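The structure appears right after this line, and notes come after that.
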Amino acid sequence: MKWLIRILFILVAVAGLVIGALLLMPGDKLGKILAEQVKAQTGRELTLSGDVRLSFWPVLGMETGPVTFGNAPWASSEPMLSAQSLAVGVDASALLAGDVRIRRVVAEYPVLRLELSQGRGNWEMSAPQTGASNTGSGNADAPAPNSAAPTETGTVTLDQLELSNARLVYVENGVPQMDFSGVDLKASWPDVTAPMKMSASMPVPGGAVEVDLEIPDLPAFSSGAVTPLVLGLTAPGGEISFDGRVNLAGEMDGKTHVRTTNTDAMLAAFGQGGVSVPMGLGRVADVSGHMTYTKDGRISLRDMRAVLDQNSFDGAADIVIASPPKITARLSTGDLDLTQATAGSAPSSGGGTGGGKQAAEGWSQAPIDASPLSLANGTIRLKANSIAIPDMTFGPSDLSLSLDRSRAVLKMEPATLFSGKLTGEVVANNRNGLSVGGNLTATGIDLKQALTTLGGVERLSGIASGRLQFLGVGQTEAQIMRSLSGKGSLDVGKGVIAGFDLDRLMGRGEGSGGTTVFNSLTATYTIQDGNLTNNDLLMQLDNFRADGAGRVGLGARDIDYVFTPVALRANGGNGIAVPVRIKGPWSDPSITPDLSKVIEAATEEKLKELEQDAKDKALKKVGEELNSTIFDSEQVEDALKQKLEDEAKKSLLKLLGRD
């Protein structure tokens, strides 16, 4: 028994001497020993500065000053980890049992640089290989110099990880993908079967981004397997939640939900400051769906439901994260309200009947903000029951919007507007200043609705079809309308012109209450410098037709046009055709008979009468001289020949001695 007590005494004494030696050892010596052990286990350089302080029980711990931990040989020259101070503590009793229970890891002002290249991560570490393989002719059954029998390893857990004022950098294939500063991070994984929980905070414009993350199976995640993930993020102006699966490469698949109370503020928090989301497109948003994210920066949303302000959408979308992002989406909605989408940029004239006031005031001189055309690229297809925009409302419509480098093309396949159908496309291009153009075909358009809404003209009504090609350039409505060029045609069925009565003007005495009802109206036109010119208008009525020609000022909002009625019947002698001139601003043009045309027509008729009277008198005189009845000028020559023949015969008979 005495020998056993002696042995125990010797072991305790040796342990005490070792611990005492470590405690009395200078900090730089301890740091050197630790650095050598880390390099032996990982192959990385560990540099410790300042004093190194150790504790042994119940926590085996170390506290140090500035520290750096080297990067992988294939990665950049910057260290993988650096910090102004580092404190690490491990449960000593668990360590004796073969488990690594990390009580705490606390770092101040750390910089963590994670790099991924060709499938390798700089966080993957293994002990360096030493010695050489046995390639000689020795015993073939002998183990290789570095081989070892498999051994069971203990568990590793983490009670507390705390990083203060950290900088997190992520580099993929040599290209920085993420660089965040001022990050505070806390993590906990108290047991192998327990979930790993992490929270982080990072300052951003307008406040801070807070992230809470939970991985139920950390060992599986660390091995590269796809594992569950629950994530919540709050930021100035909104929040994001995710519940699904994730892998070590950051790829995700699961249900996601985005809510914003101020989308502009949330975009600014993520580096998109200066963006102003139009009203009706998500200043306040609630978007949910099944999301898939791949490591090449692609996001797909399926079974998507989006409530953007007062509007709601269903559909699917694919997004490529880029600058700007590329979006491909198919959406459907009920009644889409975009009447306030331009609020703040230019005053609206009100509803669809407010065109008269706008016409009186002229086109807006307010600059048009076309910068939203550069926010994204891609194609969005939308089917809607109705779409309300300032001053007009579309009915059931199938629209496709393509965006490419500040150029938007809106295709209508078709769109319902003014009770009719529009097919074709409209283009807005802001690459080198703003220009707008289009090529449209219209059928079944309510002409009164269209003219009242677009120009405040309420006198002409009917169902119209036509074609229109146009192009305008400018930074305001006024500039665009005064620069318009193009061409088109118009075909109207039975309709009404209010404000004057062609029947009464034609002298029939059967007016129709101050209106003109026509059976059809056709015209073609050209547009140049904001002026529409037409020379072939044809209006068919029951008893006469009216031709038209003149100018419509699209830019100046005025008109100078003449209708010329042409009688199709004798009109009972009750009157003559009276041309009608329409002249003045769209809001209040004057409509008057064109008396100058009437005078010209009357003068021409009188001249014809005088000419005919003189002709008749001349023919009568010639007839008396020739002793013949003459009705027209062709008979004069015949009568004259006959008279000469008769005189010649008489002279010949007299010469021959005959009476």
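Everything numeric here is computed off the predicted structure, so don't read it as measured data.
- Distance check: L434 CG to T476 OG1 gives 9.5 Å after rounding to the nearest 0.5 Å.
- For the residue pair T292/D253, the side-chain donor-acceptor check at 3.5 Å is satisfied.
- The main-chain N or O of R405 is found under 3.5 Å from a side-chain atom of N377 such that the two form a donor-acceptor pair.
- The main-chain N or O of G433 is never found under 3.5 Å from a side-chain atom of Q475 such that the two would form a donor-acceptor pair.
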(request) Please assess D446 against K448 for the test salt bridge (charged side-chain N to carboxylate O under 4.0 Å, His left out), listing each intermediate value before the final yes or no. (result) CA-CA 6 Å; D446 187 311; K448 185 174 182 179; over 6 Å; no

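- Side-chain atoms of T339 never come within 3.5 Å of backbone atoms of A388 as a donor-acceptor pair (strictly under, hydrogens ignored).
- When I463, T522, L521, T443 are each tested for a side chain to side chain contact (heavy atoms under 4.5 Å, CB included) with D491, only one passes: T522.
- Counting only N and O atoms by type, the side chains of T328 and D318 include no donor and acceptor under 3.5 Å apart.
- In this structure, D303 contributes its side chain and H290 its backbone to no donor-acceptor pair below 3.5 Å.
- A distance of 11.0 Å separates CD1 in I559 from CZ in R581, rounded to the nearest 0.5 Å.
- Remark: the backbone N or O of G395 is paired with a side-chain donor or acceptor of S397 at under 3.5 angstrom.
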(message) Set out, in order, the CA-CA distance, both residues' side-chain angles and the distance that settles side-chain contact (heavy atoms from CB on, under 4.5 Å) for I389 and L336, then state yes or no.
(response) CA-CA 9 Å; I389 62 175; L336 180 58; over 6 Å; no

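- A salt bridge is defined here as a Lys NZ or Arg NE, NH1 or NH2 lying under 4.0 Å from an Asp or Glu carboxylate O, and R259 with E239 meets this definition.
- Checking side-chain atoms of D314 against main-chain N and O of S332 turns up no donor-acceptor pair under 3.5 Å.
- Separation of atoms CZ (R545) and CG (N519) is listed at 13.5 Å; rounding is to 0.5 Å.
- A side-chain donor-acceptor contact under 3.5 Å links R283 to the backbone of V277.
- Ion pairing between R381 and E413 holds under the 4.0 Å rule for side-chain N and carboxylate O.
- Contact detail for S201 and A208: the closest heavy-atom pair is OG-CB, 4.1 Å.
- Although no hydrogens or angles enter the test, the distance criterion places a donor-acceptor pair under 3.5 Å between the side chain of D309 and the main chain of G280.
- Between the side chains of T524 and D536, at least one donor-acceptor pair of N or O atoms lies under 3.5 Å.
- Of the possible donor and acceptor atoms, none in the side chain of W363 sits under 3.5 Å from a partner among the backbone N and O of R482.
- Panel note: side chain S364, backbone A366; a donor-acceptor pair is recorded below 3.5 Å.
- T263 and V284 make their closest contact through OG1-N, 4.1 Å (heavy atoms, listed as atom of the first residue, atom of the second, distance).
- A donor-acceptor contact under 3.5 angstrom links the side chains of T441 and R467, judged on distance only.
- Looking only at atom types and distance, the side chain of K494 has no donor-acceptor partner in the side chain of S520 under 3.5 Å away.
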(message) Using the rule given for side-chain contact (heavy atoms from CB on, under 4.5 Å), can you reason through T333 versus K383, listing the C-alpha separation, both sets of side-chain angles and the distance that settles it, and then say yes or no?
(response) CA-CA 6 Å; T333 185; K383 291 185 177 181; over 6 Å; no

